[in-house]
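To start, the structure under review is shown below, and the notes come after it.
The chain is numbered in sequence order, starting from 1.
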Amino acid sequence: MELIDLQTFATVARTGGITRAAEELNTVQSNVTQRVKALEAEIGTPLFERHSRGMTLTGAGKRLLPYAQKMAALSREAVLAARDDGEPKGPLAIGSMETTAAVRLPPLLADFHRRFPAVRLSLRTATTADLVAAVLEGALDGAFVAGPIAHADLTATSAFREELVLVGARRWTSLAELRAGTPESGPTALVFRTGCTYRQRLEQIFVDFGWPSAARFELGTLDGMIGCVAADMGVTLLPRAVVERSAMNGSVSIHTLSTTHARVETLFIQRRAGNQSSALGGFAACLKQDEDVIAA
């Protein structure tokens, strides 16, 4: 069983298709397809169900995935551990939700870069679900995700606390007016793709408001999301800090929610059993210093 086949399998499982996996692995689609088929042939059973929307794991694939993730992670950690002489340097892959990357991370990343210029830091934005999977398989050294996260193979440290707000077009001056002035089925929910914790939270809010069947419209960027809200296409759920710092802040309305709906914690996760490289240790130190400054 080839390690590269397991790594490819884990990437396809996380991204949900050959095309996105090939883009992430920086290879051609035919290579990804061949490696998945070779692994299926070696094991003797299909690992994916193919359909028009992509690929989903079969029962066998679900059972194999945790082992593939661990082997991929251990392989990457072995290389990093061998190269690590105690001086922070080399590659460091960090993941983040797009909202956190836009507002919370720039000062932290700038501080880290000044203190550890020999580290080649890369930042990938994705949904919480995708980030958790990437950390588990070792594609990321750590990631900022929406809590709560409970996984035996992960450690989680509180990084930031956010207040989520409902964001609508400027014409809605209050939440009561928004609820009274929309169709019975509710406004269109503007959301990031499946796997986004804020999307799940917004869908629960819509259920609580009596809008379980409201239409959904997926967008891929934060600016696109706020722009569509400003154009009165629908409503969304975002951290207050993100909306208030947006250039389009004056074109939307912000509606405060109950504590149950509004409170969310951003966590920094990493593999529990993983070797913490000097670069990751330096990043964790910068994060802790940033938290201490905020607390003070």
Side-chain angles (χ1 to χ4, degrees), residues 14-15 24 69 73 76 88 91-116 119-151 153-165 191-202 219-223 225-226 236-246 262-272 274 276-277 279-295:
R14 174 165 48 82
T15 59
E24 185 168 314
Q69 290 175 326
R76 184 171 187 272
L92 180 66
I94 300 296
S96 173
M97 299 177 292
E98 185 173 354
T99 51
T100 302
V103 174
R104 301 298 185 187
L105 295 193
L108 172 63
L109 299 181
D111 179 46
F112 178 78
H113 182 62
R114 282 193 297 268
R115 293 175 60 182
F116 305 105
V119 176
R120 300 193 306 276
L121 178 66
S122 62
L123 180 69
R124 179 198 303 176
T125 58
T127 65
T128 287
D130 283 351
L131 293 170
V132 168
V135 172
L136 285 171
E137 71 185 52
L140 293 174
D141 296 295
F144 293 92
V145 301
I149 296 292
H151 195 290
D153 293 330
L154 296 175
T155 62
T157 304
S158 177
F160 313 105
R161 291 178 177 84
E162 302 288 1
E163 179 198 356
L164 299 180
V165 293
V191 295
F192 291 115
R193 64 188 183 86
T194 301
C196 172
T197 301
Y198 296 165
R199 172 178 179 155
Q200 296 170 358
R201 185 76 65 94
L202 179 60
L219 292 114
T221 67
L222 185 57
D223 285 343
M225 182 82 71
I226 299 176
T236 193
L237 186 74
L238 292 171
R240 180 184 291 274
V242 169
V243 184
E244 290 181 342
R245 298 185 194 187
S246 168
R263 185 175 297 170
V264 66
E265 192 169 29
T266 301
L267 306 174
F268 182 70
I269 61 170
Q270 53 187 301
R271 290 188 70 243
R272 185 181 300 278
Q276 187 178 75
S277 66
L280 183 56
F283 188 84
C286 287
L287 176 59
K288 185 177 187 307
Q289 183 181 55
D290 188 64
E291 291 174 347
D292 292 342
V293 169
I294 292 173

Find the distance between [atom1] ([X]) and [atom2] ([Y]) and round it off to the nearest 0.5 Å.
X: R76; Y: S277; atom1: CZ; atom2: OG; value: 8.0 Å
X: T155; Y: R272; atom1: OG1; atom2: CZ; value: 6.0 Å
X: D130; Y: M97; atom1: CG; atom2: CE; value: 13.0 Å
X: Q270; Y: L140; atom1: CD; atom2: CG; value: 12.0 Å
X: R14; Y: L131; atom1: CZ; atom2: CG; value: 9.0 Å
X: T221; Y: E98; atom1: OG1; atom2: CD; value: 6.0 Å

Is the shortest side-chain heavy-atom distance between [X] and [Y] below 4.5 Å?
X: T128; Y: I149; answer: yes
X: L121; Y: H113; answer: no
X: H151; Y: L136; answer: yes
X: R271; Y: D153; answer: no

Closest heavy-atom pair and its distance - [X], [Y]:
X: L92; Y: A279; value: CD2-O, 3.8 Å
X: P106; Y: A101; value: CD-O, 3.3 Å
X: A146; Y: V264; value: CB-CG2, 4.3 Å
X: C286; Y: F116; value: SG-CE1, 3.9 Å
X: A93; Y: A139; value: CB-O, 3.8 Å
X: Q69; Y: A133; value: NE2-O, 4.0 Å

Among V243, L238, L164, find the one that has a side chain to side chain contact (heavy atoms under 4.5 Å, CB included) with T99. L238
Main chain of [Y], side chain of [X]: is a donor-acceptor contact present, judged purely on distance under 3.5 Å?
X: D141; Y: I94; result: no
X: E162; Y: P239; result: no
X: T266; Y: F144; result: no

List in chain and number order the residues that pass ring-ring contact (aromatic ring centres under 6.0 Å, His included) with F192, two or more places apart in sequence or in another chain; answer none if no residue qualifies. none
How would you list, by chain and number, every residue that makes a ring-ring contact (aromatic ring centres under 6.0 Å, His included) with Y198, sequence neighbours excluded? none
Tell me, with the steps shown, if S96 and L123 meet side-chain contact (heavy atoms from CB on, under 4.5 Å). CA-CA 7 Å; S96 173; L123 180 69; 4.0 Å; yes
Using the side-chain contact (heavy atoms from CB on, under 4.5 Å) rule, take R115 and Q289 through it: C-alpha gap first, then chi angles, then the decisive distance, then the call. CA-CA 12 Å; R115 293 175 60 182; Q289 183 181 55; 3.2 Å; yes
R161 CZ: over 12 foreign heavy atoms closer than 6.0 Å: no
Parallel, tilted or perpendicular, as decided by the 30° and 60° cut-offs, for the rings of F283 and F112: perpendicular
